[in-house]
Amino acid sequence: MNIKKIFAVIAAAVIFAASAALGISAAKKGIFLSKSAAVLSEGETLTLKYYIKDVKADTVVWSSNNQKAVSVSQSGKVTARSAGRAVITVKIKGTSYKARCTVTVKTPVSYNLKDKSKITLEGKTYDLTFEDEFSGTELDTAKWNRCPQWKRQDLNNYWDDSMTWLDGKGNLIVGMTYDSKNDRYLSGGVETKGLFEQAYGYFEIRCTVNTVPGYWTAFWLMGDCVMDETQGGVNGTEIDIMETPYYSRKQVQNTLNWDGYGAAHKAEGKVSDINIYDGEYHIFSLLWKEDEYVFYVDGTETWRTKAEKAQGICREPLYMIISSEMGSWTGKPDPKNLPDQMKVDYVRVYA
């Protein structure tokens, strides 16, 4: 094989590899980016790489449709400047060929420890509408009900009134134990159904989570409207601000559920690699806006979604639930590891 043929083979292999890496079909021509979406924190940078196929290109031009949130240099270096979202476009000058990457800039939640009656997020100030610091020794029944004592999920686990109490040290305890006498697992749950419901705003819990595998703890929003199977999630969405089924993988989950829980049920979620199974307190929160949900762990954004799969954002008021339970997707906790518990320091809601 002569030198020209060798270089031709190498060039073809490079083009094929680049095309495969970017998911480009062999027949497609134009300009393509190494990423179609990215999430950055304020101050972070990212250099986007482009690839041109079967098009004569002397110059490419970079642009951002939201310079306040994200800027881009003519070398493809992206800089996250402030919370928001921007579409970065690279175009072959003199042609109609272009490629885009959507960049989301996340901003840590900032807390005013001197005035917890207000919180400012993404340039908007929200006022406190609900708070419980769990002081004293008795659950405040003007704010919370204990969840119904019924079987949960598909295993032998029951919510039981005995599994939620105040420890007298400023914590709500939500437990999990094995009832050897009746060969079943007991766990706890409290809810604000009929007492407090809200659509939109900021919801926050500070708590510990399960410290053994086989069950999960959760902070979630629920309503009877979730059973509606029309118009997707806008008519009712279960919003799981925090679920902890991944003890072994050290991950935390945010989830949306809509269209009831039968054959029409649908769900979408995000799993993040964060080890919150350390027995320490962590903050889990949700900013529920009219056009998107933003989830946080310890003040750092984990998922931002406009819920396109659910046909949009829920517009119905929902109540809060704090719970522990088990199901086949997590298995069963070893009775030798029980009892276990989550401790809730506070819950706050803003609108």
Run Lys116 and Glu131 through salt bridge (charged side-chain N to carboxylate O under 4.0 Å, His left out) and show every step you take. CA-CA 10 Å; Lys116 61 186 178 184; Glu131 180 183 27; 3.0 Å; yes
Check the pair Lys151 / Trp159 against side-chain contact (heavy atoms from CB on, under 4.5 Å), numbers first and verdict last. CA-CA 7 Å; Lys151 189 175 183 179; Trp159 273 340; over 6 Å; no
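Thr192 places a side-chain N or O within 3.5 Å of a backbone atom of Met320 that can act as its donor or acceptor partner. Asn235 places no side-chain N or O within 3.5 Å of a backbone atom of Cys225 that could act as its donor or acceptor partner. The closest donor-acceptor contact from the side chain of Asp273 to the backbone of Lys250 lies at 3.5 Å or more, if one exists at all. Within the 3.5 Å criterion, the main-chain N or O of Tyr185 finds a donor-acceptor partner in the side chain of Asn157.
With hydrogens and angles left out, the side-chain atoms of Ser135 and Glu133 include no donor and acceptor closer than 3.5 Å. Side-chain contact of Tyr346 with Glu204: a donor-acceptor pair under 3.5 Å is present, judged by distance alone.
Under the 30°/60° scheme for interplanar angles, the aromatic rings of Trp216 and Trp329 are found to stand perpendicular. The aromatic rings of His265 and Tyr261 lie parallel to each other, their planes meeting at an angle below 30°, with 60° marking the opposite boundary. The aromatic rings of Tyr202 and Tyr350 lie tilted to each other, with the angle between the two planes from 30° to 60°.
Within a 6.0 Å radius of NZ in Lys68, no more than 12 heavy atoms belonging to other residues, nucleotides or ligands are found.
Counting heavy atoms from C-beta outward, Asn254 and Ile241 have side chains that stay 4.5 Å or more apart.
Taking the ring centre of Tyr158 as origin, the terminal cationic atom of Arg184 falls inside the region bounded by 6.0 Å and 45° from the ring axis.
Each of Tyr319, Trp165, Phe130 was scored for a ring-ring contact (aromatic ring centres under 6.0 Å, His included) with Trp144, with one residue passing: Phe130.
For Thr95, the side chain to side chain contact (heavy atoms under 4.5 Å, CB included) partners two or more places apart in sequence, or in a different chain, are Ile92, Tyr97.
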